There are 2 protein chains.
Amino acid sequence: MSKCEQCIVREFSSLKALTKEELLKLSDCKTSHIIKKGEVIFEEGENVNGIFCIKDGICKLTKLSANGKDHIVKLVTKGELLGQRSMISDEPVNLSAVALEDMHVCFIPKADVMGYFDKNNQFSMNVMKTICGDLKEADDHMVNLAQKTVKERLAETLLYLHDTFGKNEDESLKVQLSRDELASIIGTATESCIRLLSDFKKSGLIELTGKKIVLKDSNALKKLAD
Amino acid sequence: MSKCEQCIVREFSSLKALTKEELLKLSDCKTSHIIKKGEVIFEEGENVNGIFCIKDGICKLTKLSANGKDHIVKLVTKGELLGQRSMISDEPVNLSAVALEDMHVCFIPKADVMGYFDKNNQFSMNVMKTICGDLKEADDHMVNLAQKTVKERLAETLLYLHDTFGKNEDESLKVQLSRDELASIIGTATESCIRLLSDFKKSGLIELTGKKIVLKDSNALKKLAD
DNA sequence: ATTAAAACATGACATTTATCATATTAAAGA
DNA sequence: TCTTTAATATGATAAATGTCATGTTTTAAT
């Protein structure tokens with residue numbers, strides 16, 4: 001079992017507040033898991049009873065809408081925690097988590113997390129601040145969905161993916177999403193998404209090579225995104 | 001100065017966790033305010049440095065979008081607290097709060113709230129659960145905005161207003177919103193909102209008398225809302 | 001390597017929604 | 001009360017977006 005006190009990603013999550021002793025204890029109660037691309041970490045409605053710490057990889061958090069289509073609420077990557085909201089609310093998770101690439105995650109049982117939560121004030125404060133950040137982000141997202149056009153949302157999302165997850169050596173976006181997934185982030189039909197990507201390509205804003213997307217003119221995209 | 005320990009709405013907020021002594025101390029540090037309909041409680045970007053406890057009335061939380069239109073993110077009513085997220089994040093508020101009717105609110109300075117927050121575990125847990133609830137609600141809202149039609153969202157919103165804020169003796173919805181405000185909850189143009197309301201009226205789903213809205217066929221509305 | 005399935009792409013068209021113009025009504029001030 | 005302004009309403013039209021059909025390309029499985 002790998003040791004939490006030596007784990008680099010710990011530094012990027014709320015867990016950074018834990019003491020040496022707490023980290024040692026954490027190493028014993030956590031379980032380590034390899035998740036393959038496309039596999040489900042947990043599903044909407046499930047009782048997770050703990051949180052996941054992402055050591056490596058990216059996953060999407062989705063919610064099934066009334067019309068049967070999945071909507072991608074958020075992308076989460078290494079260093080972040082999953083399932084905090086549901087743990088605190090003491091409710092089933094309201095979102096599903098699915099790996100977008102191979103992942104390495106650690107599961108920490110609820111009882112243990114709640115122990116640190118009660119005893120380590122800085123830790124609970126960190127968790128709370130993260131959730132508050134998520135809420136603010138959700139508010140922003142909501143307003144965008146309500147007020148911006150699909151084109152604006154696509155431009156904004158491409159920039160977001162670039163700025164948040166970076167690019168490969170060939171300049172293409174690191175997160176590789178299917179057109180369908182991209183559409184379900186911006187909240188539109190897959191065909192509309194594909195069409196707009198083609199338009200962006202024709203206008204020289206982006207370059208498309210299979211699933212790979214390269215941003216050629218970020219400034220123009222920024223203007224489009226408003 | 002009225003006494004917090006005798007305030008009924010306290011029972012409905014996170015403050016219910018406070019002890020008798022804490023409530024006595026609270027009475028001394030809080031300030032009481034009457035806010036007239038249409039007045040601003042705080043504005044996006046402001047440093048509020050405390051939280052508001054709503055003793056009476058309803059207000060809207062809005063966010064200005066890039067195109068200059070306000071979007072109503074949430075309605076908040078008596079018994080609820082305002083400004084928790086910003087207090088915990090230690091950031092300016094990301095939403096504006098405007099009274100939809102005459103209100104009575106109490107302001108509690110940040111330093112005092114944080115005092116209870118640190119010492120009273122149940123209180124901080126309550127606040128956290130509220131924020132988690134808001135986040136879950138925001139996720140739901142997001143998916144609705146992304147996937148449902150304007151008609152579905154209008155039907156859903158009318159039902160929400162009915163179920164959450166109730167009705168007057170004449171059966172009309174208690175919260176009286178302008179067409180413009182209703183439109184900025186569901187995320188559409190004012191004209192579209194007005195048109196759909198007229199349609200609903202013609203179909204016998206609702207009754208319109210000036211600003212007053214009466215739900216005549218909730219079941220049909222539920223079907224429409226999906 | 002071949003085949004089947006899934007993802008991507010694009011045209012044609014229908015539907016939804018926004019915008020602009022213009023009445024009408026209601027509310028607020030002088 | 002009168003007058004002015006804001007809110008509501010509706011038509012006409014344009015623009016945005018969704019849906020269906022169909023073909024192509026890519027991916028995955030045998």
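Just so we're clear, the structure is a prediction, and the values are computed from it rather than from any experiment. The sequence lines fix the lettering, A, B, ..., with proteins before strands; numbering per chain opens at 1.
- Of the residues B/His141, B/Lys148, B/Lys151, the one that meets the side chain to side chain donor-acceptor pair (under 3.5 Å) test with B/Glu156 is B/Lys148.
- Chain B approaches DNA chain C within less than 4.0 angstrom (heavy atoms of the protein), and the contacting nucleotides run 5' to 3' from C/dT17 to C/dC20.
- Note on B/Ser198: only backbone sugar-phosphate atoms sit closer than 4.0 angstrom, heavy atoms only; bases stay farther off.
- Although no hydrogens or angles enter the test, the distance criterion places a donor-acceptor pair under 3.5 Å between the side chain of A/Glu80 and the main chain of A/Thr77.
- At a threshold of 4.0 Å, the pair B/Asp139-A/Lys63 does not count as salt-bridged, since none of the basic side-chain nitrogens sits closer than that to a carboxylate oxygen.
- Side chains of A/Ser178 and A/Asp180: no donor on one and acceptor on the other come within 3.5 Å.
- The pair B/Glu207-B/Lys212 fails the salt-bridge criterion, with no side-chain N (NZ, NE, NH1 or NH2) lying under 4.0 Å from an Asp/Glu carboxylate O.
- Heavy atoms of A/Ser192 sit under 4.0 angstrom from at least one base atom.
- The environment of NZ in A/Lys201 is sparse: at most 12 heavy-atom neighbours from other residues, nucleotides or ligands sit within 6.0 Å.
- With the nearest nucleotide of DNA chain C identified for both A/Lys202 and A/Ala146, A/Lys202 has the one nearer the 5' end.
- Listed for the A/Ser13 side chain is a donor-acceptor partner under 3.5 Å among the backbone atoms of A/Leu15.
- A/Lys129 and B/Asp90 are not joined by a salt bridge, as no carboxylate oxygen comes within less than 4.0 angstrom of a charged side-chain nitrogen.
- Taking every nucleotide of DNA chain D with any atom under 4.0 Å from a non-hydrogen atom of chain B, the first and last of them, 5' to 3', are D/dA7 to D/dA12.
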